[in-house]
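First up is the structure itself, then whatever we jot down about it.
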Amino acid sequence: MRDRYTNGDARRDVHPKAHGCLKAEFEMLDDLPKSLSQGVFQSGKSYPAWVRFSNGNPDPGRPDIKGDARGMAIKLLSSPAEADWQSAAQTTMQDFILISHPVFFAKAPETYVGVHRHLSSDGFWTILAIPFHLGLKGSLIALEMTDKQIANPLYTRYWSEVPFQLGKGQNRKAVKYSTRPCTARANEPPDDSEPGDDYLREAMKTTLDQSASCMEFLVQLRAGDEMSVENSMIEWKEEQAPFIPVARIHFPKQTFDTFAQNTFCENVAFNPWNSLPEHEPLGAMNRMRKVIYERTSKVRREMNSVVPAQ
């Protein structure tokens, strides 16, 4: 980050290109089963939220039409009275971070760190060695993750990739999360041979200029020992453990592409460890994320002279 950016203009190490930060309402469904009624998941409860959609590639100028992993970061706020962008960072109740692929390309921290050391190198042969470092399975997952083309972030499905606990104590369960549009929509990239570099932002603007939008938030309960908590390269198959809807994310009609809101979007931090105890992250990759997210956020804030609360 320090090599790539100057003070006052530092971006995230990954997912630096935002398509927008949207105001939303995270509304729990009525009559949730007792087994799911933990933490923020309480029947009929509603939370004001901010949702950031982004591209995963470290290059913030990368055209949207190029294949990439797409991110969705959700920040639930504790008070509707404090849901404006000036105070959202101070009133975080829960963050959920998801990506447009069900599994991750690495299962061990040393693999992840090794890949990023290669990516940070200026040497062609060092970068070329990344697939050998990932192995065949990891390379295939990485290729599939970064090859996605979409029409609209609001029409895309996302997954947590890694597990979280649900509840506390002896009765806690391991779960994964997902989101999907409330109504399935075609999500093929534009037919235009040269769509604008930022067409995903424009697609969201067009959608929310015309009408509200909606996504479902889903929980998947671990259903067997073969569903690994530590190995985030193993997919929990939906045939064995179906995703259960627990909430709806409502995006009202809105104008989000403003200077103030985009500035907020750049400065605010999302972290899976911004969490209630009932939703604490699980597994090796999440333990690594705790260190990386906190450190990179601190560096970005320092470089941009942003107050620590954000």
Same apolar cluster (I L V M F W Y, side chains within < 4.5 Å links), [X]/[Y]:
X      : Y      : result
Val299 : Met288 : no
Ile74  : Ile244 : yes
Phe256 : Phe251 : yes
Met303 : Ile292 : no
Val268 : Val14  : no

Heavy-atom side-chain proximity of [X] to [Y] below 4.5 angstrom:
X      : Y      : value
Trp159 : Phe243 : yes
Ser43  : Leu29  : no
Pro245 : Glu216 : yes
Val175 : Arg222 : no
Pro189 : Ile65  : yes
His101 : Glu144 : yes
Gln94  : Asn274 : no
Tyr177 : Leu218 : no

Test log, rule side chain to side chain contact (heavy atoms under 4.5 Å, CB included), inputs Met204 and Leu22:
CA-CA 10 Å; Met204 288 207 307; Leu22 309 183; 4.1 Å; yes
Between [X] (side chain) and [Y] (backbone), is there a donor-acceptor pair under 3.5 Å?
X      : Y      : value
Ser100 : Arg70  : yes
Gln42  : Val40  : no
Glu27  : Ile249 : no
Asp95  : Trp273 : no
Arg11  : Pro16  : yes
Asn286 : Leu282 : yes
Asn231 : Met233 : yes
Asp64  : Leu200 : yes
Lys17  : Gly56  : no
Asp147 : Leu143 : no

Pair Ser232-Glu161, side chain to side chain donor-acceptor pair (under 3.5 Å): steps then yes or no:
CA-CA 7 Å; Ser232 52; Glu161 294 189 321; over 6 Å; no
Distance-only side-chain donor-acceptor flag, [X] / [Y], under 3.5 Å:
X      : Y      : answer
Arg301 : Ser297 : yes
Gln165 : Gln38  : no
Arg157 : Thr179 : no
Asn57  : Thr146 : no
Asp198 : His19  : no

Shortest non-hydrogen contact from [X] to [Y]?
X      : Y      : result
Ser46  : Glu25  : OG-OE2, 2.6 Å
Ala247 : Phe26  : CB-CE2, 3.6 Å
Met227 : Ala241 : CE-CB, 3.6 Å
Ile234 : Lys137 : CG1-NZ, 4.4 Å
Lys253 : Ser211 : CG-C, 3.3 Å
Phe164 : Pro272 : CE2-CB, 4.0 Å

### Query
side chain to side chain contact (heavy atoms under 4.5 Å, CB included) between Gln240 and Glu226: does it pass, once the steps are laid out?
CA-CA 11 Å; Gln240 296 174 267; Glu226 69 277 10; 2.9 Å; yes
- [ ] Mind running side chain to side chain donor-acceptor pair (under 3.5 Å) on Arg12 and Thr296 for me, showing each step along the way?
- [x] CA-CA 7 Å; Arg12 288 166 169 82; Thr296 55; over 6 Å; no
* Taking Arg287 as the fixed residue, which of Glu294, Glu230, Glu280 is the one that meets the salt bridge (charged side-chain N to carboxylate O under 4.0 Å, His left out) rule? ->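 Going through Glu294, Glu230, Glu280 one by one, the salt bridge (charged side-chain N to carboxylate O under 4.0 Å, His left out) with Arg287 is satisfied by Glu230 alone.
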What's the verdict on side chain to side chain donor-acceptor pair (under 3.5 Å) for Asn304 and Asn267, showing C-alpha distance, side-chain angles and the deciding distance?
-> CA-CA 8 Å; Asn304 291 338; Asn267 290 334; 4.6 Å; no
Please determine whether salt bridge (charged side-chain N to carboxylate O under 4.0 Å, His left out) holds for the pair Asp257 and Arg201, giving the CA-CA distance in whole Å, both sets of side-chain angles, and the decisive distance to 0.1 Å. CA-CA 9 Å; Asp257 193 11; Arg201 176 179 286 264; 2.9 Å; yes
- Centroid-centroid under 6.0 Å between His279 and Phe41 rings: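 Between His279 and Phe41, the centre distance is under 6.0 Å.
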Note to self: Taking the ring of Phe96 and the ring of Phe217, is the distance between their centroids below 6.0 Å?
What the structure shows: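 They qualify: ring centres under 6.0 Å apart.
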Can you tell me how far apart [atom1] ([X]) and [atom2] ([Y]) are? Round to the nearest 0.5 Å.
X      : Y      : atom1 : atom2 : answer
Lys34  : Leu32  : NZ    : CG    : 14.0 Å
Leu208 : Leu154 : CG    : CG    : 5.5 Å
Ser160 : Ile97  : OG    : CD1   : 10.5 Å
Asp3   : Met1   : CG    : CE    : 11.0 Å
Thr183 : Arg180 : OG1   : CZ    : 11.0 Å

Find out whether the Lys NZ or Arg CZ of Lys290 is both under 6.0 angstrom from the six-membered ring centre of Tyr293 and within 45° of the ring's axis.
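Output no; distance or angle outside limits.
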Quiz item: cation-pi between Lys75 and Phe270, 6.0 Å / 45°: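 So Lys75 does make the cation-pi contact.
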Let's go through Trp50 and Gln261 carefully: what are the C-alpha distance in whole Å and the side-chain angles of both, what is the deciding distance for side chain to side chain contact (heavy atoms under 4.5 Å, CB included) to 0.1 Å, and is it a yes or a no?
CA-CA 11 Å; Trp50 285 99; Gln261 200 154 311; 3.5 Å; yes
So Thr207 and Asn152, side chain to side chain donor-acceptor pair (under 3.5 Å) or not? Walk me through it.
CA-CA 9 Å; Thr207 297; Asn152 191 322; 2.9 Å; yes
Quick test of your reading of the model: are Arg300 and Glu302 salt-bridged, counting only N-O distances below 4.0 Å?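 A salt bridge is absent here (no side-chain N lies under 4.0 Å from a carboxylate O).
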Given the rule in the side chain to side chain contact (heavy atoms under 4.5 Å, CB included) test, do Glu235 and Lys176 qualify, once you have shown the distances and angles that lead to the verdict?
CA-CA 10 Å; Glu235 183 177 359; Lys176 289 186 178 182; over 6 Å; no
